[in-house]
Structures are given as structure tokens and as C-alpha cells.
Amino acid sequence: MRFRAVRLTALPMSTSTHPNRTIHAAFAEKVDAVLSALELEGALPPGSPRGNVAVEPPRDASHGDLATNAAMVLAKQARTNPRELAAKIVEKLEADPDVESAEIAGPGFINMRLSDASWRAELAAIAALGADYGKSALGNGVTVNVEYVSANPTGPMHMGHCRGAVVGDALASLLEFAGHKVIREYYVNDAGSQVDTLARSAHLRYREALGDTIGTIPEGLYPGDYLVPVGVALAKELGDRFKDVPEEEWLPIFRAHAVEAMLDLIREDLALLGIQHDVFASEAALQAAGKPAEAEAWLRQHDLVYDGILEAPKGKTLDDWEPVELPLFRSTRFGDDQDRPIKKSDGKWTYFGADLAYHFQKAENADALIDIWGADHSGTVKRIKAAVAALTEGAGRAIAFDVKLVQMVQLMRAGEPVKMSKRSGSFVTLADVVEEVGKDVVRFTMLTRKPEAQMEFDFAKVVEASKDNPVFYVQYAHARIHSTLRKGAAEGFSPSDEHIGLLGAEELDLVKQAAQFPRIVEAAALAREPHRLAFFLYELAGAFHAYWNMGNDNPGKRFIIADNPELSGARLFLASQIGQVIRNGLAILGVEAVEEM
RNA sequence: GCGCCCGUAGCUCAGUCGGAUAGAGCAUCAGAUUCCUAAUCUGGGGGCCACAGGUUCGAAUCCUGUCGGGCGCACCA
């Protein structure tokens, strides 16, 4: 079976993966080398699996810079107890000039302190890599298709779409930064009954534009004003020849026009958030190209689609339920609770029937798929996972597929919920919110909670300029760094790595915190959780502000020391690199790193 | 009735493929500060990680069950 791409308007540019070795990766390799040496000496059986060996910063900084559980994980295989094995590991680690100290703690942890020189080298590495600092080769060029937003093209975007849009976009950027090729895709549901409703609503506005009195918009049609200009445009372009003719004659034409107009609206809304998709995939085009039929034929051939009758839903009474024979996909074979119809009794494809073919099409151009959905679609996750498994495994190429559910956002205004009603058309649009609070606030706020948790979005809290507001706090740190650099320049000081040997423990603590960035990027990418970056940035900003505050009481801790150009240069260099890391992180989240506030 | 997500401090939330004494902000309490590196600072108290079992050197984290909240549950999208 072979599907061709439908309207694959653009292929993503390949991201340059930048395999830079971070300090954490370098020390993980050192530990690994020690273990290999121990194998050669016979202290460890050769080929001991090391999958569970971790080298990471301990939770409690007083334990040192890095800790490893290697001795505890491998003690059993070495037929010894963890502390004894740890002693052997420690002996070898201590021989490394970059290891200041290595100690055994608790049940067999090994705590390491790294030399100041290695932290200074990491600081220099941030400067050398600049915007590339933190990039990872983790993704290994694997192409990931991230499908997000995919709102029905029946009107402008409202706040219900916003969280998924931001999370999806940040995730896409994160994966790119971590070495993946990414396709940002939007699935356009332009084949269902909703776009027919849209077409009828547009026709009404068209008649209105031609002078008909339309009165109140009938129940079941979209009442929003945004269709008025669509009607005007249609009247201008088509004249009055579709005014009094049967629906069959104008519906497809009006539908196509209206959908295109709505997509323009949506693209504008997305642009306000800084979001741009690579591909808008049309459901109608997919169907016109016969993709669902191809999928059905293939599935029937493999006994994965059959004609059957659905059982009546349990725990719910439906007055008009009657048994009907439909083509059903055997999703139960892949863990779903029920087989699912791919066609309706009128012969048209169900949403699922088309979606199944659509996912297979995506799988043809990518190695892994991610869908970002609203939590109200949680019930359909199993069936689509089943479909992807059936189609891709059947085609001999199993594809990693992940559905991320994004919970609803409760809009609040000064503690009171904002009422939204779709029926009356009084929903809060995304454009209104962005206009009121700004793109950066919307994006960052949406990323300060894990997506699967419900969240509140309070207009009042979110624009507050204080340290209680994470967006402000992080941006302020960056702005503060730049104002310091400006001030330094005005006084004749510029950042320089010449004397970074002058930086002491408190300054290096800042470096240690910033040096976590590459790890956080990888962990967030693996977990597909961009919000981890937001928390990291908040903490890094906090550490920077805390250091800054020391300068209030102790002028010797300020960045600019008038009579000490060497130290000033080194500290400004430090500040500049902290700024670089904040900038890199904010760039992934799509939030501007402002230089002034 | 079934499925998915969630349950961590008074509140809003983090918590690294299982790791050491479970963290942050708000609120509260006690101090500092009115200087300019504006849009505060330092510190304290506060926890049965919903509950009960299980897995193992070790569980907030994994598994099972119970309770509570959200979302969804014929061919809609």
C-alpha cells in the first residue's frame, strides 16, 4: 500500500544538529570509562549492563556537583556490596585532574566535586557556542511530525485552542533544538458537516451583502460577525447569480471560499502567537485522493475491517439508537474497548475513517508522530493509536506515535471565571487575549504548568510586573543583564574571558546552574515536556537575581567594580553568558528576550 | 456502568527513564531596607506526597485496588 502526500506545501529545513559535549556529558563519559577499566581489571564482569547508571547533579547541592549511583546498580553483578565497589570507582575518579573530590555517601552514592577550572571552561563554552549552546544531537535527525491546533476552519481561534497551540509549537521548537527534524502540521477538517454549516452561514451573509434582510441568524448557523466580510467578498466576486438558486449549486463553491477565508483568519491569529505551520493538510483533499478508501481496502485484506453491528452504549440511554451494519475497524485488537466505524450509514467517512488515513499519510513523511489534542478528545486516543499501529506495523514500518492531551484553561478575571458560550458566539478570542496581555505572557503562562493538568489564566495576575509573575521575572533578569552590560560599556568595561580565573564560588554557582541547560533540554525533549524549560528559566533567573541582590549590601559583589577592570570584565562576561542561556531557553519557548523593560 | 487525565504545604504548582533529610512562589510569622543595581531583601513555621496493599537495596514516582475531582463515552468533530 502506498499513500501520496496531499498538499505537502513545504518540507522543513533541516536543523543543524550541534553535537557539543557539555560538562555533564563529559563526566558521564569519565564514569563510563572508569567502569570499563574496572571490567578490564576483573572487578566487574565484562559487559555488565549499565543502562541504569546515572550521572547527574544531586538534589542537594551540598552533596557536590555530580553524583552517580553506579556502585549501587552494579554491586550485585560485581558480587560485592555497593560501598566496596564505590571505593574502587572513587580511586580511579580521583586520579582525574578535573575531579576535585569524590566521596562515598549513604548507601553507595559517589559524590563528585568538579574542579573550578572545568566550570570556567564550561562558561567559556557557553560563549563559544552562543545560540547553539544546549543544542543536542539526541534527535539524531529523526523526523518528527507534530500536529497541533487543527481547529475546525469555521471561525477565528478562541482561547480553547490557545494552550494546545502554544504547547505544540514549543514542543516542536524543543525537538528541533534537540536534534530532530520537525514538521509542524495543521489538519484542516474541511470535509465534515461543520464546514457545510459554515458555507450556509456564509451564503446568508452573501445575501445580506446583496441587500437581503436576514434578521436574526437562524439556530444552527454560525452567528459571528467575522462572516460579514466573507459575504461581502463573495458578493463582489460572484455577483448575485447564487442568490436564489438551490443549495446544491452554491454549497461547494461557498464552502471552499469560506474555508479559505477562515484559514486566513486562523493563520493571522496564529501569527499573533508567533506560530507558523509547515503544512496545512486538507481532509477534503485527502478524501478526494481516495486515501481512506485505500486504507479500508488494505485493512479489509488483512481482516482488520469487517462489516458489523455496534452494541448499544452502556450506562447511557439513547432513544433513537438502532442497530446498523457499518464497516468497523478492529481496534479492540490493539487495546481499544470497542471496534470503531470508519464509515457512516450514509456512506460518508466518519471522522475516524479519514483520520486513520491521514495518520498513515503523515507516517510516510516522518519517523515519529505527535498529536496535540484537547482533553475533550481523550476518548478517541485508543482508536487512533490502534489505527496507527495497524497501518504502520502492517506496512512493515512501526512508527512511534504519541498523543499529548492538553487540559482546558479556565479564564479568570480578578478571581471570577469568565463566562464563555459558543452558542451565543460570546467566546473570548485568542486575538483579544493577545492584544490585552501580549504574546509573551500568553506563551510563557501556558508553559508554566504541565499540559495535562488543568490551569487557570487570570488576566490580572498574568500582567503583574513583580517577582510573583514568572514571565516578568525571567524577562527582567535578561533585561537587567543587558542594562548592566550597557552601563559597563558606558564606563569603559566590556565582557572578557581573560580573567575568569577571578570568578569565585558564588559566581561559579551561577555557571553550574546555567550549565544544567543542555541536560534540561534533553530531558524535556525525551519526555516531550517543554514546560520543564520554563521552570528551569525561572530558577536560573532567580539565581541571577539573588546574586544581584548581594550587590545591594556588598558593593564588592557588583558586576561593575570601578577600580578593577579585570574583575569587572570577568563578571560582565559571566552576566553575558547567563543572558545567553536565558535567551536560548526563551527562544525555544517562543518568548522574546527583551533588553529593556 | 466503562475509558482517559489529575490528587504533593492553607492556596497555585514543580519534582530528573525509582535515589540521599520531598521543593518553589503566594499567604502567614519574625527581622532588614527607602540607598537606586527601580519594579524589595534575609530567615522561620507549615507535609500521612488522597487511602490501602504490592514490586526492591531504595517508591511522591512503577503495579493492583479503593476514595475524590475533571473530561469523554453510538455514525458528531
Side-chain angles (χ1 to χ4, degrees), chain A residues 51-52 54 56-60 63 67-69 72-73 75-76 81-82 105-109 111 150-152 154 189 191-195 283 310-316 318 320-324 326-328 336-338 340-355 374-382 403 405-408 448-456 458 461 464-470 472-473 476 480 483-484 487 516 519-520 522-524 526-527 529 531-532 534-536 538-539 542 545-546 548-553 555 557-560 597:
Chain A
N52 290 324
E56 53 191 20
R59 230 175 238 176
D60 186 342
H63 288 139
T68 179
N69 60 354
M72 291 187 294
V73 174
K76 212 176 253 179
N81 68 62
F109 285 102
N111 293 330
S150 298
N152 286 331
T154 55
N189 300 133
S193 59
Q194 294 199 6
V195 284
E283 182 187 359
L310 284 174
E311 285 176 35
K314 293 182 179 116
K316 206 182 168 183
L318 288 173
D320 57 346
W321 188 87
E322 48 187 79
V324 186
L326 295 169
L328 301 178
D336 200 0
D337 324 294
Q338 203 179 19
R340 305 292 176 177
I342 58 171
K343 269 186 190 169
K344 300 186 263 186
S345 44
D346 65 3
K348 289 183 181 163
W349 297 102
T350 60
Y351 181 84
F352 172 64
D355 206 23
D376 51 342
H377 290 70
S378 64
T380 61
V381 172
K382 278 187 181 176
V403 179
L405 294 176
V406 175
Q407 286 285 343
M408 303 289 139
T448 50
R449 261 155 200 59
K450 56 181 173 191
E452 64 270 28
Q454 289 136 255
M455 75 176 290
E456 287 181 5
D458 194 309
K461 284 188 192 159
E464 200 178 313
S466 79
K467 73 162 299 196
D468 311 342
N469 184 351
F472 168 81
Y473 198 57
Y476 183 38
R480 206 171 220 184
S483 93
T484 308
K487 195 181 171 207
Q516 301 259 13
R519 287 188 69 243
I520 303 285
E522 293 198 342
L526 278 173
E529 291 183 348
H531 74 275
R532 295 190 191 195
F535 283 96
F536 164 78
Y538 184 64
E539 277 167 26
H545 287 307
W548 175 277
N549 286 325
M550 283 197 296
N552 283 326
D553 298 330
K557 279 289 167 194
R558 297 185 179 190
F559 284 91
I560 299 164
M597 301 194 73

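Note that the structure is a prediction, hence the values are computed from the model and not measured. When reading the values below, keep in mind they use all heavy atoms of this one structure, side chains included, and skip hydrogens, waters and symmetry mates. Here is how names work: the chains are called A, B, and so on, in the same order as the sequence lines, proteins then strands, and each is numbered from 1.
A:Glu322 comes within 4.0 angstrom of a base, heavy atoms only. Here A:Asn189 lies in heavy-atom contact (under 4.0 Å) with sugar-phosphate atoms only. Looking at heavy-atom distances under 4.0 Å, A:Lys348 makes no contact with the nucleic acid at all. Among the protein residues, A:Ala375 comes within range of the sugar-phosphate backbone only, with heavy atoms under 4.0 Å from sugar or phosphate atoms but none that close to a base.
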Tabulated below should be each protein N or O lying under 3.5 Å from an N or O of nucleotides 7-14 of chain B; please produce it.
{"unit_1": "B:rU12", "atom_1": "O2'", "unit_2": "A:Arg449", "atom_2": "NH2", "d": "2.4"}
{"unit_1": "B:rC13", "atom_1": "OP1", "unit_2": "A:Arg449", "atom_2": "NE", "d": "3.4"}
{"unit_1": "B:rC13", "atom_1": "OP1", "unit_2": "A:Gln454", "atom_2": "O", "d": "3.3"}
{"unit_1": "B:rC13", "atom_1": "O5'", "unit_2": "A:Arg449", "atom_2": "NE", "d": "3.4"}
{"unit_1": "B:rA14", "atom_1": "OP1", "unit_2": "A:Lys450", "atom_2": "N", "d": "2.7"}

Mind listing the N/O atom pairs, protein and nucleotides 54-59 of chain B, below 3.5 Å?
{"unit_1": "B:rC57", "atom_1": "OP1", "unit_2": "A:Lys76", "atom_2": "NZ", "d": "2.8"}

Short heteroatom pairs, N/O only, protein and nucleotides 39-41 of chain B, under 3.5 Å:
{"unit_1": "B:rA39", "atom_1": "OP2", "unit_2": "A:Tyr476", "atom_2": "OH", "d": "3.2"}
{"unit_1": "B:rA39", "atom_1": "OP2", "unit_2": "A:Arg480", "atom_2": "NH2", "d": "3.0"}
{"unit_1": "B:rA39", "atom_1": "O2'", "unit_2": "A:Ala465", "atom_2": "O", "d": "3.1"}
{"unit_1": "B:rA39", "atom_1": "N7", "unit_2": "A:Tyr476", "atom_2": "OH", "d": "2.7"}
{"unit_1": "B:rU40", "atom_1": "OP2", "unit_2": "A:Lys467", "atom_2": "N", "d": "3.2"}

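The aromatic ring centroids of A:Tyr473 and A:His545 lie less than 6.0 Å from each other.
Helical stems involving RNA chain B, defined as 3 or more consecutive Watson-Crick or G-U pairs under 3.5 Å, span B:1-7 with B:67-73, B:10-13 with B:23-26, B:28-32 with B:40-44, B:50-54 with B:62-66.
With sequence neighbours left out, the side chain to side chain donor-acceptor pair (under 3.5 Å) criterion links A:Thr484 to no other residue. Here A:Thr380 pairs with A:Trp373, A:His377, A:Arg383 under the side chain to side chain contact (heavy atoms under 4.5 Å, CB included) rule; sequence neighbours left out.
In this structure, CZ on A:Arg532 lies 8.5 Å from CG on A:Leu526, to the nearest 0.5 angstrom.
With B:rA20, B:rC4, B:rC5 as the choices, the nucleotide that has an atom nearest any side-chain atom of A:Glu452 turns out to be B:rC5.
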For this session: For the pair A:Arg340 and A:Leu328, evaluate side-chain contact (heavy atoms from CB on, under 4.5 Å) and give the outcome as yes or no after the intermediate values.
Result: CA-CA 5 Å; A:Arg340 305 292 176 177; A:Leu328 301 178; over 6 Å; no

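Distances shorter than 4.0 Å separate some side-chain N or O of A:Ser193 from OP1 or OP2 on B:rA77.
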